[in-house]
**Student:** 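Below is one structure. I have some questions about it.
All chains are named by letter (A, B, ...) in the order of the sequence lines, taking the proteins before the strands, and each is independently numbered beginning at 1.
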Number of protein chains: 4
Amino acid sequence: MARPLSPEKREALLQSATQVVAEHGVLATTASIAKRAGVAEGTLFTYFENKEVLFQALYLHLKQALADAMMPGYPHQADFRLRIEHLFQSYIGWGLSNPSGRLAVSRLAASGRLLDETRAQAMASFQDVAHMMERAVQSGVLVNAPMAFLYAIIERIADITIESIEKEPANAERYRQIGFHAAWRAITS
Amino acid sequence: MARPLSPEKREALLQSATQVVAEHGVLATTASIAKRAGVAEGTLFTYFENKEVLFQALYLHLKQALADAMMPGYPHQADFRLRIEHLFQSYIGWGLSNPSGRLAVSRLAASGRLLDETRAQAMASFQDVAHMMERAVQSGVLVNAPMAFLYAIIERIADITIESIEKEPANAERYRQIGFHAAWRAITS
Amino acid sequence: MARPLSPEKREALLQSATQVVAEHGVLATTASIAKRAGVAEGTLFTYFENKEVLFQALYLHLKQALADAMMPGYPHQADFRLRIEHLFQSYIGWGLSNPSGRLAVSRLAASGRLLDETRAQAMASFQDVAHMMERAVQSGVLVNAPMAFLYAIIERIADITIESIEKEPANAERYRQIGFHAAWRAITS
Amino acid sequence: MARPLSPEKREALLQSATQVVAEHGVLATTASIAKRAGVAEGTLFTYFENKEVLFQALYLHLKQALADAMMPGYPHQADFRLRIEHLFQSYIGWGLSNPSGRLAVSRLAASGRLLDETRAQAMASFQDVAHMMERAVQSGVLVNAPMAFLYAIIERIADITIESIEKEPANAERYRQIGFHAAWRAITS
DNA sequence: GATGAATGAGCTTTCATTCAT
DNA sequence: CATGAATGAAAGCTCATTCAT
């Protein structure tokens with residue numbers, strides 16, 4: 001093999017895409033993504049067949065990174081509240097330390113250019129979370145509602161919390177508290 | 001921009017833009033918006049200086065329509081819970097009967113092409129709601145948090161509720177109940 | 001109507017395309033065709049949906065021009081030989097006075113980018129010629145072979161004749177004679 | 001260009017190019033030619049300096065193959081008619097058994113990318129044929145016309161014959177007969 | 001004011017060619 | 001020498017905007 005596809009270059013393209021999509025949404029140009037990644041315009045297309053494929057890959061990449069960020073320190077033995085709080089606070093932490101990533105995800109999610117299949121694939125990264133919450137519902141701790149519904153509530157309240165903290169970093173701790181409080185009460189009865 | 005002769009044409013353009021933006025987001029073309037409105041491509045620009053201005057106007061238009069939809073039947077004398085439930089359920093109602101409008105709003109909101117000024121102007125339509133909620137916070141009924149935070153929670157839970165109902169129309173009533181239950185618990189302590 | 005599509009502009013584009021395709025074949029760029037026609041690059045696409053459509057239109061346009069060139073002076077009452085000679089010599093005349101047109105046609109015909117449908121449409125312009133030749137076959141003057149076969153022979157020998165004259169203009173008259181002689185003998189028995 | 005190590009690879013590239021050029025003309029990509037030949041994209045350029053050189057080489061290669069196909073069984077002692085018929089029928093035979101080769105030649109010949117020098121070189125393969133025909137002209141058997149003219153007529157009528165047979169294989173024998181009849185009469189007086 | 005042809009900057013993508021491996 | 005990733009100059013085409021009619 002002449003020169004193998006470089007994982008670093010692929011990574012650089014995804015990182016660049018994260019920044020540029022965070023800034024310009026789906027109006028981000030492939031040229032600017034390539035440029036920011038430090039590769040030639042054509043190179044982007046040896047890593048991603050076309051812009052659409054790049055967007056799907058970017059979404060999956062970011063969602064996976066988010067899922068990964070929620071694992072360290074997960075209290076497998078703790079009660080449901082602590083476990084869910086861990087997920088909530090990790091989500092906040094990831095969002096705060098990856099503002100572009102979070103923004104890019106939300107731009108893509110609302111762009112109308114994400115394939116349903118991509119959304120479905122992204123879900124897979126949160127399999128374990130879903131199972132835990134199912135058990136929590138069965139045990140009566142969480143309100144009896146579809147998993148997707150409960151998860152969406154946590155996610156959106158976490159998003160609101162992140163956005164609030166980004167506007168008033170000084171009140172980060174307080175927002176994390178009322179954010180989780182709101183989320184927890186919303187999903188319990 | 002001269003004073004537009006025809007309010008009907010302006011309205012037609014906004015309605016058309018709603019559909020097309022719901023479908024294609026900010027990638028909607030001015031040509032397709034004009035066509036669907038039944039006017040010439042150039043005509044769009046006598047009503048909206050350029051695409052950016054059109055998008056801002058569309059967002060304001062839709063947010064205003066939403067605010068208007070929340071007024072009829074508003075129980076000025078009822079307790080905070082009933083008043084907020086009225087707002088919540090009206091929001092759901094508007095969203096269900098205006099899927100394109102709701103989608104267009106969310107596409108625009110996450111597109112990165114909405115001016116901060118536009119968002120601020122849109123807020124103005126919800127002045128009364130905000131005042132009511134401020135009083136509710138002062139009275140201790142709502143949790144002590146910034147208005148924007150509380151309002152965002154209601155809004156997003158309402159959005160989740162609408163999306164759930166759109167997927168399972170048969171369970172509309174149940175989703176409206178657990179949706180409001182979640183929202184109410186989230187903003188109270 | 002604002003500004004009607006201009007037949008002159010369409011004509012200019014086809015003439016320009018004739019030159020550029022004669023020179024570069026299907027590698028002719030839309031940009032160079034537009035430029036030579038004196039219109040903006042984008043304008044080409046308001047007259048021809050895309051490059052493929054332009055090529056089909058160009059082929060039809062040139063074949064029609066050729067057919068038209070064969071009509072003036074056609075001796076309806078003369079015998080078959082004179083009638084066919086008129087066609088042959090008119091073909092030669094058109095080819096000599098439109099070298100680019102003839103070249104463009106041959107480039108397109110051999111390019112692999114002409115649709116069968118386009119070829120079929122072009123045939124229609126030669127309907128009358130075909131009928132006359134059919135009668136000539138029935139009358140026993142021409143050799144009993146398919147029309148397409150006989151017509152192709154005339155055409156190709158005419159092409160060879162034109163090419164020979166283009167190389168040696170001084171011997172034009174002689175080539176016209178031996179060219180027709182060859183063609184006539186080829187299709188008679 | 002260094003001396004190629006592998007004649008097989010060069011041959012594979014030419015065969016591949018024949019297929020791909022037959023299909024796509026000069027729009028054939030070097031990548032697709034290399035792929036079909038089973039070699040890497042870059043390898044093509046160690047055998048042919050660039051695309052233009054490849055096309056010239058391909059044309060020469062195919063014309064040589066055609067010339068070679070006309071030699072076996074050539075009746076050196078027979079009269080001119082039989083000798084020319086042998087050439088004509090061999091040409092037909094080669095064309096029918098090498099449809100891609102014939103098509104590729106015609107695509108290249110009409111593409112505008114063949115160098116005059118290349119055409120001249122290709123002629124060299126038909127030196128013997130040319131000499132024979134010159135003698136035939138001198139002897140008065142063939143019409144007194146330039147060699148190139150006479151040869152072109154034979155070639156084009158043979159092409160027409162091949163194309164006719166490709167459309168109606170059932171009438172192959174008949175087309176071969178009327179084809180040669182036409183060609184012979186065209187070049188004699 | 002309404003129309004839609006005209007414009008050309010800009011976009012995505014292709015592809016001949018180079019060159020690190 | 002073989003490989004195929006890397007390159008970047010085009011190419012075809014789109015589309016917001018202008019402006020002649």
Side-chain angles (χ1 to χ4, degrees), chain A residues 1-6 9-10 26-35 37-54, chain B residues 1-6 9 27-35 37-54, chain C residues 1-6 9-10 26-35 37-54, chain D residues 1-6 9 27-35 37-54:
Chain A
M1 200 179 352
R3 204 181 313 184
L5 278 174
S6 145
K9 225 156 253 179
R10 192 188 139 95
V26 288
L27 298 177
T29 66
T30 53
S32 68
I33 293 169
K35 186 170 190 179
V39 303
E41 292 183 30
T43 301
L44 186 150
F45 295 94
T46 80
Y47 288 85
F48 304 97
E49 200 176 333
N50 54 42
K51 203 185 179 185
E52 170 159 343
V53 165
L54 167 62
Chain B
M1 180 175 46
R3 169 115 3 92
L5 262 201
S6 157
K9 235 161 237 180
L27 297 177
T29 65
T30 53
S32 68
I33 293 170
K35 185 172 191 179
V39 304
E41 292 180 36
T43 301
L44 186 151
F45 295 93
T46 81
Y47 288 86
F48 304 96
E49 201 176 333
N50 56 42
K51 202 184 179 185
E52 170 160 341
V53 166
L54 167 62
Chain C
M1 200 178 352
R3 204 180 313 184
L5 278 174
S6 143
K9 226 157 252 179
R10 192 187 138 95
V26 288
L27 297 176
T29 67
T30 53
S32 68
I33 293 170
K35 187 170 191 180
V39 304
E41 292 184 31
T43 300
L44 186 151
F45 296 96
T46 80
Y47 287 85
F48 303 97
E49 202 176 332
N50 55 42
K51 204 186 179 184
E52 169 159 343
V53 166
L54 167 61
Chain D
M1 180 173 44
R3 168 117 2 93
L5 263 201
S6 156
K9 235 162 236 176
L27 297 175
T29 66
T30 54
S32 68
I33 293 169
K35 185 171 192 180
V39 304
E41 292 180 36
T43 301
L44 185 151
F45 295 93
T46 80
Y47 289 87
F48 304 96
E49 200 178 333
N50 56 40
K51 202 184 179 186
E52 171 160 342
V53 165
L54 167 62

**Student:** A:Glu41 CD to F:dA10 P: how many Å, rounded?
**Tutor:**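 It works out to 13 Å between those atoms.
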
**Student:** Counting the atoms with a prime plus P, OP1 and OP2 as sugar-phosphate, which does A:Phe48 contact under 4.0 Å by heavy atoms, base, sugar-phosphate, or nothing?
**Tutor:**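 Touches nothing.
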
**Student:** Looking at F:dA20, which nucleotide sits across from it as a Watson-Crick or G-U wobble partner, both distances under 3.5 angstrom, or is there none?
**Tutor:**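 Here F:dA20 is engaged in a pair, and the nucleotide opposite it is E:dT3.
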
**Student:** Quick one: label C:Thr43 by what it contacts on the DNA or RNA (base, sugar-phosphate, nothing), any heavy atom closer than 4.0 Å.
**Tutor:**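 Base: the residue C:Thr43, judged by heavy atoms under 4.0 Å, touches a nucleobase.
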
**Student:** With nearest nucleotides of DNA chain E determined for A:Val26 and D:Ala28 from heavy-atom distances, which residue corresponds to the more 5′ nucleotide?
**Tutor:**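 Looking at the nearest nucleotide for each, A:Val26 comes out on the 5' side.
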
**Student:** With a 3.5 Å distance limit and no angle check, can you tell me whether A:Tyr47 reaches the backbone of A:Ser6 through a side-chain donor-acceptor pair?
**Tutor:**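 Side chain of A:Tyr47 to backbone of A:Ser6, a donor-acceptor pair under 3.5 Å: yes, one is there.
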
**Student:** Could you check how far CG of A:Leu5 sits from C1' of F:dA6, rounded to whole Å?
**Tutor:**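 It works out to 11 Å between those atoms.
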
**Student:** Base, sugar-phosphate alone, or nothing: which one does B:Ala34 contact when heavy atoms must sit under 4.0 Å apart?
**Tutor:**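 Answer is nothing: B:Ala34 stays at 4.0 Å or more from every strand.
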
**Student:** Rounded to whole angstrom units, what separation is found between the CG atom of D:Leu44 and the C1' atom of E:dT18?
**Tutor:**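 Between C1' of E:dT18 and CG of D:Leu44: 14 Å.
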
**Student:** According to a strict under-4.0 Å criterion, is C:Lys9 in side-chain N/O contact with OP1 or OP2 of E:dA6?
**Tutor:**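 Yes, such a contact exists.
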
**Student:** Check C:Leu44 against C:Ala34 and note the closest heavy-atom contact, atom names and distance.
**Tutor:**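 That would be CD1-N, 4.2 Å.
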
**Student:** For A:Thr30, which contact category applies under a 4.0 Å heavy-atom criterion: base, sugar-phosphate, or nothing?
**Tutor:**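 Contact class for A:Thr30: base.
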
**Student:** Is the distance from OP1 or OP2 of E:dA2 to the nearest side-chain N or O of B:Tyr47 less than 4.0 Å?
**Tutor:**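 Checking E:dA2 against B:Tyr47, a side-chain N or O does come within under 4.0 Å of OP1 or OP2.
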
**Student:** In whole Å, what is the span from the NZ atom of A:Lys51 to the C1' atom of E:dT13?
**Tutor:**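 Distance, rounded to whole Å: 12 Å.
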
**Student:** Measure from the side-chain heavy atoms of C:Thr46 and tell me the nearest of F:dA6, E:dT18, E:dT7.
**Tutor:**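 Given the options F:dA6, E:dT18, E:dT7, the side chain of C:Thr46 is closest to E:dT7.
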
**Student:** Which of these nucleotides, E:dA16, F:dT7, F:dA16, is closest to any side-chain atom of B:Thr29?
**Tutor:**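 Nearest to the side-chain atoms of B:Thr29, counting from C-beta on, is F:dA16.
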
**Student:** In whole angstrom, give the distance that lies between atom NZ of D:Lys35 and atom C1' of F:dG4.
**Tutor:**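 Going from NZ in D:Lys35 over to C1' in F:dG4 covers 12 Å.
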
**Student:** Check the distance between F:dA16's P and B:Ile33's CD1 and give it to me in whole angstrom.
**Tutor:**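 My rounded result for the distance is 8 Å.
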
**Student:** Tell me the interatomic distance from B:Phe45, atom CZ, to F:dA20, atom C1', rounded to whole angstroms.
**Tutor:**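 Interatomic distance, CZ of B:Phe45 to C1' of F:dA20: 17 Å.
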
